[in-house]
Amino acid sequence: MAEIGFAGVKKSYGDTRVIHGIDMQIADGEFVVIVGPSGCGKSTLLRMVAGLETITEGEISIGGRVVNGLEPKDRDIAMVFQNYALYPHMSVYENMAYGLKIAKMSKAEIEQRVQAAAGMLELGHLLQRKPRQLSGGQRQRVAMGRAIVRDPSTFLFDEPLSNLDAKLRVQMRLEIKQLQRRLGTTSLYVTHDQVEAMTLADRLIVMNAGVAEQIDTPMAIYERPASQFVAGFIGSPAMNFLPAEISGDGRRLSLTHGLDLRSQGLDLGNLGGRTVRVGVRPEHLRLVDTAEAELHLLVRLVETLGADLLAHGHLVPAEGAPSEAAEEIVTVRLPGVARVREGDTLTLRAAEDSLHLFDPETGKRLADV
Amino acid sequence: MVENRPLVTYLSHGILLAGILVVAFPLWMAFVASTYPPEAFNTGVLPLWPGDHFWENYSTALSAGLQAAGGVPVGLMMLNSTVMALAIAIGKIAISLLSAYAVVYFRFPGRMLCFWTIFVTLMLPVEVRILPTFEVVADLGMLNSYAGLSIPLIASATATFLFRQFFLTVPDELVEAARIDGAGPLRFFKDVLMPLSRTNIAALFVILFIYGWNQYLWPLLITTEESFYTVVMGIQRMVAVPDSEPQWHVVMATAILAMIPPVFVVIAMQRLFVRGLVETEK
């Protein structure tokens with residue numbers, strides 16, 4: 001069991017800096033997910049923990065021991081790869097036993113550990129098969145079995161579910177979560193899939209361009225995104241962003257195109273007169289009576305998902321021609337039973353505290369209203 | 001072909017049969033010739049069916065050889081050929097596996113220079129470098145030895161290149177998984193790369209064994225003692241005898257005998273050979 005520490009961790013390839021300094025502590029037994037778009041440095045960070053990439057600057061410690069100079073095998077970690085990376089010429093049993101054999105463990109001990117892991121992962125009947133005779137999900141299990149038998153202090157997962165089909169992915173996601181709960185092993189998991197990230201993580205690291213934009217619990221990140229990037233990346237469909245202005249006295253928030261967004265009970269004195277970017281999640285826009293409406297959405301396109309319904313359109317003034325519509329497309333998520341057709345004008349109101357204000361230059365969060 | 005046209009079928013079979021005949025007829029004639037007494041060749045016309053001197057001719061060839069050509073038994077020459085061909089095939093595979101491994105998996109100064117130097121030697125077959133090589137081998141005192149027969153032919157760009165290409169297709173993640181499992185470089189080579197290269201090794205073994213077996217010019221150059229003659233050069237020496245008629249019946253028996261080991265190697269390794277050439281195990 002181990003906690004993982006990052007202290008000013010940086011990585012450069014020649015002159016190109018890909019990780020700009022990560023500082024954080026992962027507690028013993030915690031499940032931390034690193035999420036971000038491709039090329040954000042999330043896999044590099046994981047591989048630095050594994051010892052597959054050198055650390056340019058800073059320190060990574062596992063269980064209180066600085067591991068910068070240690071070989072992967074001496075770091076007490078196990079890794080699950082995206083392509084499983086099973087040895088194609090070895091049977092399932094040999095694949096799982098290989099690391100233990102190299103560690104010169106006794107035959108009986110290896111047998112016992114492999115059988116235990118195989119039982120846990122329901123691989124018992126497949127032990128003599130070769131990897132190519134297995135399905136994707138089974139291969140994934142073997143890869144996990146290979147990690148479990150080592151009984152490491154830390155599991156590292158590098159997008160382990162990306163090669164599976166959608167249904168299997170959901171199933172394996174649950175299994176990974178249960179397994180981690182049962183074993184209580186500290187885990188670091190990299191993914192670009194935000195659903196995976198939200199469901200698996202105790203804590204989430206959202207990375208962008210080599211910087212950890214926000215490190216927090218999934219719900220905290222969802223509710224109070226630290227930056228416009230995080231707000232747009234977490235949540236599906238993505239948050240709507242609209243350019244807006246705050247009146248000089250901080251009592252009114254209106255879109256740049258002149259439509260009022262919110263005026264009741266507003267006190268943004270310190271931000272008075274600023275231009276901001278307003279973010280609102282599709283699921284936080286509610287259908288209301290005309291009297292209560294803050295926004296009017298002219299629906300251009302409707303997507304029905306069964307349980308839900310997505311309406312995409314433009315904001316328009318309460319009265320007047322739709323031609324004055326704002327350019328930005330706004331998406332609303334409504335219950336599937338709502339009857340909405342293209343061309344309708346919806347009267348909407350954003351839930352309390354669900355309008356997020358971001359600085360248009362830095363993207364940093366300013367306030368919620 | 002999905003088409004079913006009898007004429008095309010007959011025609012294509014006819015062409016194939018003709019091809020087989022063209023290839024097989026000389027072999028058949030060699031076999032037939034090796035079963036007659038020496039007098040049979042004086043007429044200049046050879047019968048189409050085997051004669052009755054099979055055992056005599058083959059036992060003469062195997063045990064005694066031709067007196068006029070130095071009297072080296074074919075059995076000994078075949079042994080020499082086998083030793084040489086095996087040494088070349090195994091040596092080449094071992095050397096090129098290791099050099100390809102070094103070039104692909106290790107970062108060392110001059111890595112690409114090494115690779116290109118190896119690659120450039122593709123342009124220099126044995127015949128081109130035969131005089132300098134002879135000089136070197138002679139200076140090292142390796143004339144008339146198995147080492148002299150095989151070592152100069154072992155360095156191989158082709159095999160190195162082939163293994164390099166194969167190693168490049170092995171996913172990086174496999175290397176990383178092995179590192180995490182704690183396998184050192186040699187362990188990874190032995191436990192993962194070698195088993196994965198199995199079919200490639202088999203295919204190369206077949207090609208290289210035949211290459212080694214068929215060496216003619218090099219053994220001719222560096223062996224002067226009969227006990228190191230190889231069978232391919234031996235056949236030529238049997239034909240070019242001074243002051244007498246070539247003993248065709250023994251020459252043909254020797255030729256047939258010389259063909260057996262390569263054929264045997266191809267047949268024994270055929271399945272692996274084909275797999276090694278057409279597919280990579282994933």
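Chain A is the first sequence line, chain B the second, and so forth, proteins listed ahead of strands; every chain is numbered from 1.
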Checklist entry - Would you call the rings of B:F209 and B:W213 parallel, tilted or perpendicular if under 30° counts as parallel and over 60° as perpendicular? => result parallel
Checklist entry - Under a 4.5 Å heavy-atom cut-off, does chain A meet the side chain of B:D172, its backbone, both or neither? => result neither
Item to check | Listed once per pair and sorted, the side-chain hydrogen bond (donor to acceptor under 3.5 Å, both in side chains) pairs that draw on residues 76-96 of chain B, sequence neighbours left out | outcome: B:N80-B:Y146
Item to check | Per-residue contact mode, A:R47 against chain B (heavy atom under 4.5 angstrom) | outcome: side chain
Next on the checklist: With a 4.5 angstrom heavy-atom cut-off, is it the side chain or the backbone of A:L100 that approaches chain B, or both, or neither?
Outcome noted: neither
Next on the checklist: With a sphere of 6.0 Å drawn around CE of B:M194, does it hold more than 12 non-hydrogen atoms of other residues, nucleotides or ligands?
Outcome noted: no
Next on the checklist: Below 30° counts as parallel, above 60° as perpendicular, anything between as tilted: where do the rings of B:F167 and B:Y105 land?
Outcome noted: tilted
